[in-house]
Amino acid sequence: MTADTQAAQAELGRARLRKEDARLVTGQTNWTDNIVLPGMQHMAFVRSPMAHARITSVDLSAARALPGVIAAFSGADFADEQGSLPCAWPVTPDIVIPAHPPMATDEVRYVGEAVAVVVARDRYTAADAAALADVSYEPLPPVLDMRTALDEGSPKVHEAGNKSFEWTFANGDLDAAFRDAPVVVERNYRQQRLIPSAMEPRAVVASCVSDEVTLWSSTQIPHVVRVMLALVTGIPEQSIRVIAPDVGGGFGSKLQMTAEEVLAVLITRKLGRPVKWTESRSEGNLTVHHGRDQWQRIRIAADADGRLRGLSVDLLADMGAYLMLVTPGIPLLGAFLFNSIYKMDAYSFRCTGVFTTKMPTDAYRGAGRPEATFAVERIMDELAAELGMDPLQLRERNWIRHDEFPYTTIANMEYDSGNYEAATARARELFGYDALRQEQNERNLDNDPVRLGIGISTYIEACGWAPSRILGQLGYAGGGWETASVRVLPTGKVEVVTGTSPHGQGHETAWSQLVADRLGVAFENVRVLHGDTLVSPRGFDTYGSRSVAVGAPAIFSACEKVIAKAKRLTAHMLEASENDIEFSDGRLQVRGDPEKGYSLPELALATFAAHNMPGGMEPSLDSDATFDPENFSFPHGTHLCAVEVDTETGHVSIRSYVAVDDVGKVINPQIVEGQVHGGIAQGIAQALYEEAVYDDDGNLVTTTLADYLVPSAADLPSYVTDRTETPATTNPLGVKGVGEAGTIASTPAVVNAIIDALRPFGIRDITMPCTPERVWRAIQDARENGGAA
Amino acid sequence: MIPAKFDYVRPSSLDDAVRALNEGGEDAKVISGGQSLLPLLRLRLANPELLVDVGGLDLRGVRDEGDSLLIGALTTHDDAIRDPLLAAYCGLIAEAAGRVADPAVRHRATIGGALAHADPAADMPAVMVALGATMIARGPAGERAIGAEGFFDDYLTTTLAANEILTGVRVPKMGPGWGYRYEKFHRTAQAWAIVGVAALARRSNGQVAEARIGMANMGSVPVRARAAEAAAAGADASADALRSAAQHADEGTQPPADLHGAADYRRHLARVLTARALAVASGA
C-alpha cells in the first residue's frame with residue numbers, strides 16, 4: 001500500500017448510515033408535491049376511457065364554466081406546439097416510430113392517454129372540472145395480444161402497422177450446434193407486464209418567468225429531460241432549468257420524458273402562472289410506463305454430458321401504443337445476456353417489437369436483463385432435468401472458469417472478471433444445499449402434501465451504462481459518460497457536483513465517502529450537489545446501475561486532479577520539486593520530511609488569497625473530470641431459494657433465500673445490502689405477485705394496490721446475504737454496480753424452486769406470477785394428465 | 001385524496017348523531033375509522049353529501065354482560081387483539097382481527113365499521129355469522145337488535161336503515177369445550193381473503209358435538225357452511241373425519257370470480273380451509 005492511498009482506507013467499505021436519511025425520514029425535505037409557488041394552479045387530466053378510438057369531439061365548456069377553473073385545453077389546442085414525445089433509441093434504420101403527441105388530437109390508443117387538461121385553483125376543483133369534460137369517441141378495435149397483432153387481418157394500432165422493428169444478432173454456426181445435438185430443449189416463456197410502484201408518485205411543478213422556464217419533476221433524469229424539453233418544445237435550452245428535488249424512487253419509471261412534464265411547461269408558459277400536477281396511485285398505474293411484457297421462445301442444444309452447443313432466442317416484445325424514451329432498446333439490453341455465464345458454440349437472437357393498444361413499456365429495474373436471465377436460468381433447469389443432472393452441476397460444467405478471464409462471450413461481450421466458482425461455493429454452503437436436497441427427496445417419497453423445491457440462479461448482468469462508443473453502435477442518440485466537479489472551498493470543506501441523479505440510492509453518502517477517502521477530508525466536510533441543471537449542468541443521470549460504475553470514477557478522477565494541483569502548488573510554495581511531494585493523510589508534504597508541507601485546507605486558503613500561485617495555475621484546487629467507460633461492468637452471483645408449495649391450495653412460501661453477490665469493490669456495504677434486499681423483493685414480486693392485467697376491451701383491471709399486489713415486508717422472507725469480491729478491471733475503483741442485481745437474479749431463483757418442487761408431478765412451467773390458483777391448477781392438470789406422484 | 005365535495009359533522013352524542021344522519025337522508029353516510037370509506041371516497045366510487053363522524057361517541061371497548069359480551073362499535077381491530085374479555089371468552093374475534101390488513105389499518109379500523117360496510121370479503125362479518133352475533137342499532141325510533149345473518153343483506157349492503165347507526169355487537173361467551181380457528185387465505189398480508197373460514201367447534205368425548213362455520217368471500221354476503229356443520233356434528237375429532245365433513249363446505253354457495261380466484265377455486269379452498277379450521281378448532 002502506498003502512502004498516497006493509505007490515508008482514508010477506513011472510509012471505503014465502511015457501513016455508514018446515510019446522511020440524506022435524516023431529512024427524508026423526518027419529512028423535512030421538499031418532495032415535488034410539497035412545492036408551493038405564489039399563484040400556483042393545479043392541473044388535472046382528462047384521460048381516454050377507451051383502448052382505441054377516434055376522438056370526434058371535445059367539449060370543455062362545462063369544465064371551463066366551473067368556478068375556480070382558469071383554463072382547459074384539448075390536444076387540438078396544443079397541436080401546433082406540443083410536438084412529439086421523443087424516442088431516443090431508433091434500434092434499426094427502418095424502425096417505425098409513430099408520432100406521439102403529449103395529448104391525443106385525433107385518435108387515442110390506450111386507456112389513460114391524455115385527451116384534455118384542466119387548470120384550476122386547487123386539486124379538488126381541477127378534479128371536479130375534469131369530470132365535466134365531454135369527449136366523444138368513435139370506437140376502433142383494440143389490439144391486445146402481441147402474438148396475433150402481426151397477423152394479416154389484425155386491426156392496426158398505427159397506420160404503418162403493428163410492427164415497430166425486428167432486430168437480430170447471430171454468432172457461430174447455429175445449425176451445426178443443433179444438428180445431431182443429443183439433447184434439445186425448447187420453451188416458450190412469458191414475461192408478464194409489470195407496473196413500477198415508486199413510493200413517491202410522479203409529480204411536476206412548472207413556472208415561467210420572463211421566458212425562463214423552471215421545471216421541478218420527480219424524475220431520475222433532469223439532465224436528459226432538459227435536452228429533450230428543448231428539442232420537443234423549441235424552448236431554447238439555456239432558458240430551461242430542470243430540478244429533481246429529493247425523489248422517492250423510480251426503478252426506471254422516472255427515466256422518461258413524460259407528457260405531463262411537457263404540458264406543464266407549455267401551460268405555465270401560456271398562462272404565466274405556475275402549475276402543479278401530482279398523479280394519484282390509480283392514475284399512475286394507468287399511465288406510468290410499464291415494464292417487461294415479452295413472449296420468449298428459447299431453444300438450447302447440448303451434448304449428452306451437458307456441454308452447451310447452442311442457444312436460440314426469439315422474442316416478441318410489447319411496445320404498447322407508442323415508443324417512449326428508450327422503449328425499443330429495452331428488450332435488446334437482454335440480447336447480450338441470454339448466454340449468461342455460459343460457454344457455447346453458437347447463439348442467435350431475434351426480437352420483434354410490436355405495437356398494441358396498451359400503455360407503452362420502457363425501462364423497469366433490470367430492463368431487458370431480468371427477462372434474459374429468467375429465460376436462460378429457467379431453461380438451464382429444464383435441460384438439467386432432461387439430462388438427469390443436478391442443475392448446479394450443469395451450470396458448473398458450462399460456466400466460464402475464473403482463470404479464463406477476460407473472456408469474450410458468444411454474444412461478443414468481453415467479461416473482464418468474475419469468479420462463479422467462489423460465489424456458488426459460498427452460496428451452497430450458506431444454503432445447506434445437500435441437506436435440503438436430501439429433505440426434498442424424503443418428502444417426495446413420503447408424498448408430503450407440502451413439497452420442497454430448490455431454485456438456482458447463477459446470474460450475470462451488465463452494469464455501467466454505458467460506453468458511449470457502444471451506445472453509438474447500438475443506435476442510441478445519447479452518450480454514456482458521466483461527469484463530476486470537486487471543489488475545495490476556502491475553509492477546506494469540499495463540494496462535489498455529480499451528474500448522477502439519486503432517487504433513493506444514497507449517492508450523497510457514498511460519494512462523500514469516496515471523496516473523504518481520496519482527499520483525506522472528514523466525511524462530514526463533504527457535500528454532494530446534484531439534481532438541478534443550474535447546479536449540476538451536465539450529466540447522464542441515474543439508471544442501469546451506472547452511477548457507481550460510471551459516476552464514481554468521474555469523481556475519483558476529479559479528486560486525482562485536485563491532488564495533482566495541490567502537489568504543484570505545494571512544490572511551488574516550498575520551492576521544492578513536484579516529484580518530491582507526496583500526498584498522505586490529507587497533507588501534501590515533502591517525502592521523508594513530513595514536517596515540511598501543508599494540509600489541503602491550508603492550500604485551499606492559499607488559493608483563495610492567491611498571493612503566491614504557480615504560473616498559469618487558476619486560483620483554486622477545483623477540478624472537473626469525465627469518465628466514459630471502455631466496457632461494461634459485470635456483477636454476478638449465485639442466488640439459491642427454497643420454497644414450500646402447499647399442493648392442496650397452491651400456496652408458495654419462501655423458506656430460505658441465500659444471495660451471494662459479487663459487485664466488485666464496495667464503497668458502503670450497508671447501502672449495497674439494502675439494494676440487494678430491495679432488488680430481491682422486486683424480483684420475488686414478479687415471480688409471485690405482480691401483473692398488469694388488461695381485460696378484453698383493453699381496460700386496465702389492476703388500477704389500485706388492492707388488485708396490483710405489491711408485496712410488503714410481511715410477505716417476504718429474511719434473506720441471507722453475502723458477497724465475494726472480484727474487482728472490476730474496467731474502472732479505477734474496481735466497482736461494478738448493484739442497483740438491479742437482486743431483481744435480475746431472484747425471479748428465476750423463485751420460479752425454478754417452484755417448478756423443482758412440482759417436477760415429480762410432471763410440471764415443467766407455470767406462468768408468472770405463480771399465483772396460488774395457477775399453481776393449484778397446474779397440479780390439477782398434471783394429475784388429470786396422469787403425471788407421476 | 002381528492003374526493004368530491006362533502007359536508008362533515010362530528011356529533012358528541014349518539015342522539016345528535018342519529019339526528020344528523022336522519023336529516024342527511026339517503027346522501028348521508030356514517031364514518032368511523034374510515035378504512036373502507038376513505039378509499040371509496042378517494043376513487044369517487046362513493047359521493048356522499050354529508051359524513052357523520054361517530055368517532056367522538058362513547059362506543060369503544062368490550063363489556064361483560066353475563067352470558068354475552070357487548071363490543072362497542074368503535075372498538076378497533078387492534079383493541080380486539082388485546083382485549084382480555086375477548087381473549088377469555090371469544091378468542092375467535094381476536095384471532096381474526098389480527099389477520100386484518102396491517103397494523104396501521106388495525107389501529108384505525110373499527111369492528112362496527114367493518115360490519116356496517118358489509119364487504120363479504122372482509123373477515124369480521126364471517127366471524128360474526130359463525131358466532132351468531134347480534135347487531136345493536138340505534139335510529140330515531142330507538143334501539144333494535146338484528147341477528148348477524150339477517151343483518152348482511154347483499155354486497156356492501158345491510159338491513160340498517162339509512163338513519164340507523166350500528167352501536168355495537170353482542171356475542172355469546174364461548175364456554176368450556178369450545179375451540180376456534182380463523183383460516184384466511186390471501187396472496188399478500190394486506191390483501192382481502194380470497195376465502196376466509198371462521199370455525200367454532202365444541203369437543204366432547206373425542207367427537208365434535210357442535211360446529212359453527214362462517215365463510216368470507218364465498219358469496220355476496222358472509223355465509224354459514226351449514227351442510228359442513230351438520231356433517232361435522234357427531235364426527236370424530238380427527239383430521240380425516242373433518243376433511244370428509246368439510247367436503248360440504250361450499251354447498252349452496254355462489255362464490256365470486258375475480259383476479260385472485262375463479263369460483264371453482266374458491267369452492268375448493270372453502271373445503272380445504274374448512275377442514276383445516278375444524279381440525280384446529282376441535283383439537284384434532
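Please read these numbers as outputs of a predicted model, since none were measured by experiment.
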How close do [X] and [Y] get, heavy atom to heavy atom, and via which atoms?
| X | Y | result |
| --- | --- | --- |
| W776(A) | H268(B) | NE1-NE2, 2.9 Å |
| E773(A) | A262(B) | OE2-N, 3.0 Å |
| A4(B) | D128(A) | CA-OD1, 4.4 Å |

Value rounded to 0.5 Å, distance of [atom1] in [X] from [atom2] in [Y]:
| X | Y | atom1 | atom2 | answer |
| --- | --- | --- | --- | --- |
| S282(A) | L43(B) | OG | CG | 5.0 Å |
| D695(A) | L259(B) | CG | CG | 10.0 Å |
| D715(A) | H186(B) | CG | NE2 | 8.0 Å |

Notebook entry, point to check: Angle class for the F185(B)/H651(A) ring planes (parallel below 30°, perpendicular above 60°, tilted otherwise)?
Noted result: perpendicular

Please determine whether the number of non-hydrogen atoms from other residues, nucleotides or ligands lying under 6.0 Å from atom [atom1] of [X] exceeds 12.
| X | atom1 | answer |
| --- | --- | --- |
| R267(B) | CZ | yes |
| Q254(B) | CD | no |
| D446(A) | CG | yes |

Checklist line | Among the listed options D707(A), V693(A), V710(A), the residue most often paired with chain B at heavy-atom distances under 4.5 Å | finding: D707(A)

Checklist line | Partner residues of D153(B) under the side-chain hydrogen bond (donor to acceptor under 3.5 Å, both in side chains) criterion, sequence neighbours left out | finding: none

Notebook entry, point to check: For D122(A), which residues count as a side-chain hydrogen bond (donor to acceptor under 3.5 Å, both in side chains) partner, sequence neighbours excluded?
Noted result: T125(A)

What part of [X] gets closer than 4.5 Å to chain A, counting heavy atoms only: side chain, backbone, both or neither?
| X | result |
| --- | --- |
| I194(B) | neither |
| L269(B) | side chain |
| P3(B) | both |

Taking side chain as everything from C-beta outward and backbone as N, CA, C, O, which of these in [X] sits under 4.5 Å from a heavy atom of chain B? Side chain, backbone, both or neither.
| X | value |
| --- | --- |
| L705(A) | neither |
| T704(A) | side chain |
| R777(A) | side chain |

Check: Heavy atoms under 4.5 Å from chain A: which residues of residues 236-243 of chain B carry them?
Finding: none

Item checked: R187(B) side chain vs P772(A) backbone, donor-acceptor pair below 3.5 Å -> no

Item checked: chain A interface, residue from L273(B), D258(B), D102(B), D264(B) that has the most non-hydrogen pairs under 4.5 Å -> D264(B)

Name each donor-acceptor pair under 3.5 Å that joins a side chain in residues 276-284 of chain B to protein atoms two or more places apart or in another chain, with its distance.
residue: R276(B); atom: NH1; partner: D646(A); partner atom: OD2; Å: 2.9
residue: R276(B); atom: NH2; partner: D646(A); partner atom: OD1; Å: 3.2
residue: R276(B); atom: NH2; partner: D646(A); partner atom: OD2; Å: 2.8
residue: R276(B); atom: NH2; partner: E648(A); partner atom: OE1; Å: 2.8
residue: S282(B); atom: OG; partner: L278(B); partner atom: O; Å: 2.8

